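Heads up, the thing below is written out as structure tokens.
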Amino acid sequence: MKCHDLFIIGGGINGVGIARDAAGRGLDVALCEQHDLASHTSSASTKLIHGGLRYLEDYEFRLVRKALVEREILLHNAPHIIWPLRFVLPHHGGLRPKWMLRLGLLLYDLLGGRSSLPRTRRVNLGAGEFAGQLQPDFSDGFAYSDCWVEDARLVALNALDAAERGAKIMTHTRCIDIRRDLEPAGGQWRIRLAAPDGTTREVCSRMLVNAAGPWSGELSRRIRADGSASPVRLVSGSHIVVPQVYSGDHAFLFQSGDGRVAFAIPYEHHYTLIGTTEQAVGDPDQSPAISAEEQYYLCALASDYFARPVREADIVWSYSGIRALYDDQAESMSETTRDYVLELDHRDGVAALSVLGGKLTTYRKLAEDALARLEPFAPGMGGKWTADTPLPGGDFEPDAFDRKLRGYCGRYPFLGAGVVCRMLRAYGTRLERIVAQANAIEQLGEDFGCGLYEAELRYLVDHEFAVDAEDVLWRRSKLGLHMRPEQRERVTAWFRARNEG
């Protein structure tokens, strides 16, 4: 039986981040995910790499500082899928006073330390690029910087890099049983896995990581010495996508009268993304979906600010996800910490680590901290390395994207600038592996529409663990939002023929 150094349960951002870091340190790593990579929380975020401005009100200075440091690291290590985004925070006369906003943003800049992003400045919302976008009552505001991220691609690229460093990534593979085995010297974990066809097999590992996200609390019950579940608070968040409400590359941060905030962000060129909400969830197996009340809340909040109202009838797509937060007994969901807690159990010398909570932004630091906790059980493990190593395709500087785009447009003129830009944003320099030596569009295979060709599908299957149309159209890309139903069906048919063959 194959025995790994480290076995990870969960293919979200924390699981694949730990897998990548551990594989790069020389450990024999395996990971299982019951569905697709990023099929739950990690593809249902607001798609930001940010410090969390609103966390300052809860005095989460350490978390904000940590996240802002990571923002700079990730921007330089993945400039194809992460890029700077300016946020406009309008002053609402009936809510937080102007001096408080200014002070909070000054602190935000200071906590970020040396940053390549522009600092906060005051803006006139009634003139220039913002003229006519908001209702007349909102004349003053502030602009500050954070970053956008293609969240599901961040997961896929970490998994790809982990695999290229020797990790075994198993998607659509359920963990159906875990038990400690004390027979071998030092002990080990025995993990029984179920494949999609129902067949089962067992593997063993010296160390175990529970990175199961919404299922992490329940999984911890099978790991902890006392048989109790780790304290996890499940919160569902929903977003809506509507036709473009305003022009420009900037985003907005809107304050709500209930103390919460929501973002309005340019999305997929022709749309505006608005979110998020917070709803308590009891069952992690519950498929989250936006409610009528959540749709009304987001539309009403956006309409309170925008000159052009946002109505429920405008919604073209929505998505929801369950976040597993560490339950710190805060009175409200919005006050519950977004920081992570690493819970180590080494009963009988067999080590298991449960990952509770966390933010997309801090996944890389979480992985480093997780391996630091496991280091006593992995003698000879290598040292830290991810801070200075780009993700696949990200081997260029953030300010070089436009230069790269011009170069690839000249190299692949038959693709057209729009397709080249989309592929460079998704794959970075690895688009060369998709287009390869082609010098005509016909050499890329079947055209599915919206710039998606068979060569790209083959790459996603061979290297990024895609197994069906949904994996491609709604996670590794958002082409499903742009395609007509018949085009989406053709992608489905391609996968059906491939899987049946």
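Along the sequence shown, residues are numbered consecutively beginning with 1. None of these values were measured; they are calculated from a predicted model.
- In this view, R179 and E202 satisfy the salt bridge (Lys or Arg N to Asp or Glu O under 4.0 Å) rule, not counting sequence neighbours.
- For H250 and F252, the gap between ring centers is short of 6.0 Å.
- The side chain to side chain donor-acceptor pair (under 3.5 Å) search around Q443 returns N439, not counting sequence neighbours.
- Residues T199 and D197 bring a donor and an acceptor atom of their side chains to less than 3.5 Å of each other.
- Counted by atom type alone, Y363 and E70 present zero donor-acceptor pairs between their side chains at under 3.5 Å.
- Side-chain contact, S205 with Q188: no donor N or O sits under 3.5 Å from an acceptor N or O.
- For the residue pair T272 and Q244, no side-chain donor N or O sits within less than 3.5 Å of a side-chain acceptor on the partner.
- Here L157 contributes atom CG and N77 contributes atom CG; the two are 12.0 Å apart, rounded to the nearest 0.5 Å.
- Listed by chain and residue number, K359, T361, T362 satisfy the side chain to side chain contact (heavy atoms under 4.5 Å, CB included) test with A67 (two or more places apart in sequence, or in another chain).
- The distance between the ring centers of H346 and F377 falls below 6.0 angstrom.
- With respect to the salt-bridge test (charged N to carboxylate O, under 4.0 angstrom), the residues D339 and R62 qualify.
- Partners of H40 under the ring pair (Phe, Tyr, Trp, His ring centres under 6.0 Å) rule, at least two apart in sequence or in another chain, are H35, W215.
- Listed here is the closest heavy atom pair of L37 and I169: CD2-CG2, 4.3 Å.
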Legend entry - R411 and E432: CA distance, side-chain angles, deciding distance, salt bridge (charged side-chain N to carboxylate O under 4.0 Å, His left out) verdict: CA-CA 10 Å; R411 184 172 172 181; E432 299 173 13; 3.5 Å; yes

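- Residues S42 and D151 bring no donor and acceptor atom of their side chains to less than 3.5 Å of each other.
- The minimum heavy-atom distance linking H239 with G275 is given by the pair CD2-CA, 3.6 Å.
- Annotation: salt bridge (Lys or Arg N to Asp or Glu O under 4.0 Å) contacts involving residues 488-500, sequence neighbours excluded, comprise E446-R490, E489-R496.
- R192 and T200 share a side-chain donor-acceptor pair at under 3.5 Å.
- Pairing each heavy atom of I176 with each of A194, the nearest pair is CG2-CB, 3.9 Å.
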Legend entry - D402 and R406: CA distance, side-chain angles, deciding distance, salt bridge (charged side-chain N to carboxylate O under 4.0 Å, His left out) verdict: CA-CA 6 Å; D402 289 343; R406 289 191 297 271; 5.4 Å; no

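- Under 3.5 Å, the side chains of E33 and H172 contain no donor-acceptor pair of N or O atoms.
- Annotation: the span from S354 atom OG to D345 atom CG amounts to 8.0 Å, rounded to 0.5 Å.
- Minimum interatomic distance between S145 and P118 (heavy atoms only, all atoms of both residues): OG-O, 2.7 Å.
- In this structure R153 satisfies the side chain to side chain donor-acceptor pair (under 3.5 Å) test together with E464, sequence neighbours excluded.
- No side-chain N or O of Q34 forms a donor-acceptor pair with one of T173 less than 3.5 Å apart.
- Among residues two or more places apart in sequence or in another chain, the side chain to side chain donor-acceptor pair (under 3.5 Å) test is passed with D177 by none.
- For W189, there are no ring pair (Phe, Tyr, Trp, His ring centres under 6.0 Å) partners two or more places apart in sequence or in a different chain.
- Geometrically, R458 does not engage Y453 in a cation-pi contact, judged by NZ or CZ lying under 6.0 Å from the ring centre and within 45° of the ring axis.
- The two atoms that bring V472 and S477 nearest to each other are O-OG, 2.7 Å, heavy atoms only.
- Contact between V281 and D283 at its shortest, heavy atoms only, is CG1-O, 3.5 Å.
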Legend entry - Worked check of salt bridge (charged side-chain N to carboxylate O under 4.0 Å, His left out) between K404 and D399: CA-CA 10 Å; K404 285 285 185 184; D399 60 3; over 6 Å; no

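- With a 6.0 Å cutoff to the six-membered ring centre and a 45° limit on the axis angle, K66 does not count as a cation-pi contact of Y55.
- E343 meets the salt bridge (Lys or Arg N to Asp or Glu O under 4.0 Å) test with R224; sequence neighbours excluded.
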Can you give each donor-acceptor pair under 3.5 Å made by side-chain atoms of residues 367-375, sequence neighbours left out, with the distance rounded to 0.1 Å?
residue	atom	partner	partner atom	Å
E368	OE2	R364	NH1	2.8
D369	OD1	K365	NZ	2.7
D369	OD2	Y340	OH	2.5
D369	OD2	K365	NZ	3.3
R373	NH1	L342	O	3.0

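- Y326 meets the ring pair (Phe, Tyr, Trp, His ring centres under 6.0 Å) test with no other residue; sequence neighbours excluded.
- A search for side chain to side chain donor-acceptor pair (under 3.5 Å) contacts involving T171 returns nothing, not counting sequence neighbours.
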